[in-house]
K.L.:
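My structure is below; once you've seen it, I'll send some questions.
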Amino acid sequence: MSQSHTYESAQLHCQSLQTALERLRRQGLGRLARWGDRLAEVLPAGGRLLAAGNGGSAAQAQHLTAELVGRYQRERPPYSALALHAETSSVTAIGNDYGFEQVFARQVAAHGRTGDVLMLLSTSGRSANLLSAAMTARTAGLTVWALTGPSPNPLAEAAEEALCVDGATTATVQEAHLVAVHLLCEFFDDAVATAPAAAPRRAALNGTPHTSAAPSVAFLRRSS
């Protein structure tokens, strides 16, 4: 491949990302703000965020949990967030004994509690292990959110809410997802900073029946 062709491809890559981010800015910020507000209710009151993905999406899910347990930009208390794919002994044991499709679902059943949040990241929206995790989580009373690639896809339909990035390539979708993760952390930090002190949540939410809602999906479509 010639250097000129490589440079042209890089220009197209940057343009594709710029287009995806502009759609995210126009169409996705409201959803991310609502998610940040919801996390600001759940986590300070003793709830937990569980997150999972495969490959590059696994790295981004772990990035999200690290920002919550550590910090994003401002100093604040740590909050409970677990990246399920990072539990290597559990992943390999479950995969060996139950099959790879169950590596996240079984951990959701073990760690998730009513009112917790499960965030699933997938560029395809078709990963069987994430779909199993979503179904297990909704049965257990967790709120399920998905960051996916182009819609429609099965994971967006299985989640209660989804933000679907219609990027031209897998790389573009992943890059937009990283921005979405940072924006979610920013909205969360702002909501936590302005929220009144939270009451302990476990007893209150564990006694509240969970009602499953129809999936809500935000589509970030390519312009024709």
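As a basis for the values below, the full set of heavy atoms in this structure was taken, side chains included, without hydrogen atoms, waters or symmetry mates.
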K.L.:
Contact between Arg74 and Asp190 at the side-chain level, heavy atoms closer than 4.5 Å - yes or no?
P.N.:
yes
K.L.:
Walk me through it: do Glu175 and His13 pass the test side chain to side chain donor-acceptor pair (under 3.5 Å)?
P.N.:
CA-CA 11 Å; Glu175 289 154 1; His13 186 140; 2.9 Å; yes
K.L.:
Quick one: which residue pairs count as a ring-ring contact (aromatic ring centres under 6.0 Å, His included) with a foot in residues 67-102, not counting sequence neighbours?
P.N.:
Tyr72-His182, Tyr79-Phe188
K.L.:
Is there side-chain contact between Arg113 and Arg48, with at least one heavy-atom pair below 4.5 Å?
P.N.:
no
K.L.:
For Gln18, does its backbone N or O pair with a side-chain atom of Arg23 as donor and acceptor, under 3.5 Å?
P.N.:
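No.
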K.L.:
Does the side chain of Thr19 pick up a donor-acceptor pair with the side chain of Ser16 at under 3.5 Å?
P.N.:
no
K.L.:
Measuring only between side-chain heavy atoms, which start at C-beta, is Leu121 closer than 4.5 Å to Thr148?
P.N.:
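They are not in side-chain contact.
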K.L.:
Within the 4.5 Å heavy-atom criterion, are Leu39 and Leu184 side-chain neighbours or not?
P.N.:
yes
K.L.:
Test your reading of the model: is there a side-chain donor-acceptor pair from Arg126 to the backbone of Pro154, 3.5 Å cut-off?
P.N.:
no
K.L.:
May I have the step-by-step check of side-chain contact (heavy atoms from CB on, under 4.5 Å) for Val165 and Leu147, ending in yes or no?
P.N.:
CA-CA 8 Å; Val165 176; Leu147 277 175; 5.6 Å; no
K.L.:
For Asp37, which residues count as a side-chain hydrogen bond (donor to acceptor under 3.5 Å, both in side chains) partner, sequence neighbours excluded?
P.N.:
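Counting only residues at least two positions away or on another chain, Asp37 forms no side-chain hydrogen bond (donor to acceptor under 3.5 Å, both in side chains).
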K.L.:
Find the distance between OG1 (Thr65) and CG (Leu49) and round it off to the nearest 0.5 Å.
P.N.:
7.5 Å
K.L.:
Can you name the nearest heavy-atom pair linking Arg31 to Ala162, along with the distance?
P.N.:
NH1-O, 2.9 Å
K.L.:
Keeping to residues at least two apart or across chains, list the salt bridge (Lys or Arg N to Asp or Glu O under 4.0 Å) pairs with something in residues 76-97.
P.N.:
Arg76-Asp189
K.L.:
Restricting to non-hydrogen atoms, name the atom on Leu155 and the atom on Ala146 that form the minimum distance, rounded to 0.1 Å.
P.N.:
CG-CB, 3.9 Å
K.L.:
Taking all heavy atoms of Gly167 and all of Pro150, pick out the closest pair and write down the distance.
P.N.:
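Closest pair (atom of Gly167, atom of Pro150, distance): O-CG, 4.1 Å.
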K.L.:
Could you go through Leu163 and Trp35, starting from their C-alpha distance and side-chain angles, then the distance that decides it, and tell me whether this counts as side-chain contact (heavy atoms from CB on, under 4.5 Å)?
P.N.:
CA-CA 11 Å; Leu163 186 60; Trp35 286 1; 4.1 Å; yes
K.L.:
With rounding to the nearest 0.5 Å, note down the distance linking OG1 in Thr136 to CZ in Phe104.
P.N.:
12.5 Å
K.L.:
One pair to check against side-chain contact (heavy atoms from CB on, under 4.5 Å): Leu120 and Leu131. What are the steps and the verdict?
P.N.:
CA-CA 9 Å; Leu120 301 172; Leu131 291 169; over 6 Å; no
K.L.:
Measuring from Gln60:CD to Ser122:OG, what's the distance to the nearest 0.5 Å?
P.N.:
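One gets 11.5 Å once the value is rounded to the nearest 0.5 Å.
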K.L.:
I want to check something: taking the side chain as every heavy atom from C-beta on, are Cys185 and Leu64 in contact at a cut-off of under 4.5 Å?
P.N.:
yes
K.L.:
Could you tell me the separation between the CD atom of Glu161 and the CE atom of Met119, rounded to the nearest 0.5 Å?
P.N.:
10.0 Å
K.L.:
What's the shortest heavy-atom distance between Ala140 and Thr114, and which atoms?
P.N.:
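Taking every non-hydrogen atom into account, O-OG1, 3.4 Å.
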K.L.:
Do Leu43 and Ser80 come close enough that some side-chain heavy atom pair is under 4.5 Å?
P.N.:
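No - every pair of side-chain heavy atoms lies 4.5 Å or more apart.
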K.L.:
Check for a donor-acceptor pair, side chain of Ser127 on one end and backbone N or O of Asn129 on the other, with a separation under 3.5 Å.
P.N.:
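Judged by distance alone, no pair lies under 3.5 Å.
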K.L.:
Should Glu67 and Arg71 count as an ion pair when the cut-off is N to O under 4.0 Å?
P.N.:
no
K.L.:
Would you name the heavy atoms of Ala81 and Val69 that are closest together and state the gap between them?
P.N.:
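Looking at all heavy atoms of both residues, the shortest contact is O-CG2, 3.5 Å.
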K.L.:
Can you list the steps and then say if Leu50 with Val117 is a side-chain contact (heavy atoms from CB on, under 4.5 Å)?
P.N.:
CA-CA 6 Å; Leu50 304 178; Val117 176; over 6 Å; no
K.L.:
Does the side chain of Arg34 come within less than 4.5 Å of Phe187's, by heavy atoms?
P.N.:
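The answer is no, as the side chains (C-beta and beyond) never meet within the 4.5 Å cut-off.
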K.L.:
Any idea which heavy atoms bring Gly149 and Val173 closest together, and the distance?
P.N.:
CA-CG1, 3.7 Å
K.L.:
State, with a plain yes or no, whether a side-chain heavy atom of Leu32 is found less than 4.5 Å away from one of Leu24.
P.N.:
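Contact flag for Leu32/Leu24 side chains = yes.
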K.L.:
Checking Gln174 against Thr123: is there a side-chain donor and acceptor pair closer than 3.5 Å?
P.N.:
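Per modelled atom types, Thr123 and Gln174 side chains form no pair under 3.5 Å.
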K.L.:
Taking CZ in Arg106 as the centre, count heavy atoms belonging to other residues, nucleotides or ligands within less than 6.0 Å. Is the count above 12?
P.N.:
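Open.
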K.L.:
Could you give the distance from CD (Glu186) to CG (Leu183), rounded to the nearest 0.5 Å?
P.N.:
6.5 Å
K.L.:
Side-chain heavy atoms under 4.5 angstrom apart, residues restricted to Ile, Leu, Val, Met, Phe, Trp, Tyr: same cluster for Leu178 and Leu29?
P.N.:
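Different clusters: Leu178 never reaches Leu29 through Ile, Leu, Val, Met, Phe, Trp or Tyr contacts under 4.5 Å.
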K.L.:
Do any N or O atoms from the side chain of Glu101 and from the backbone of Ala128 form a donor-acceptor pair under 3.5 angstrom?
P.N.:
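No, Glu101 side chain to Ala128 backbone: no donor-acceptor pair under 3.5 Å.
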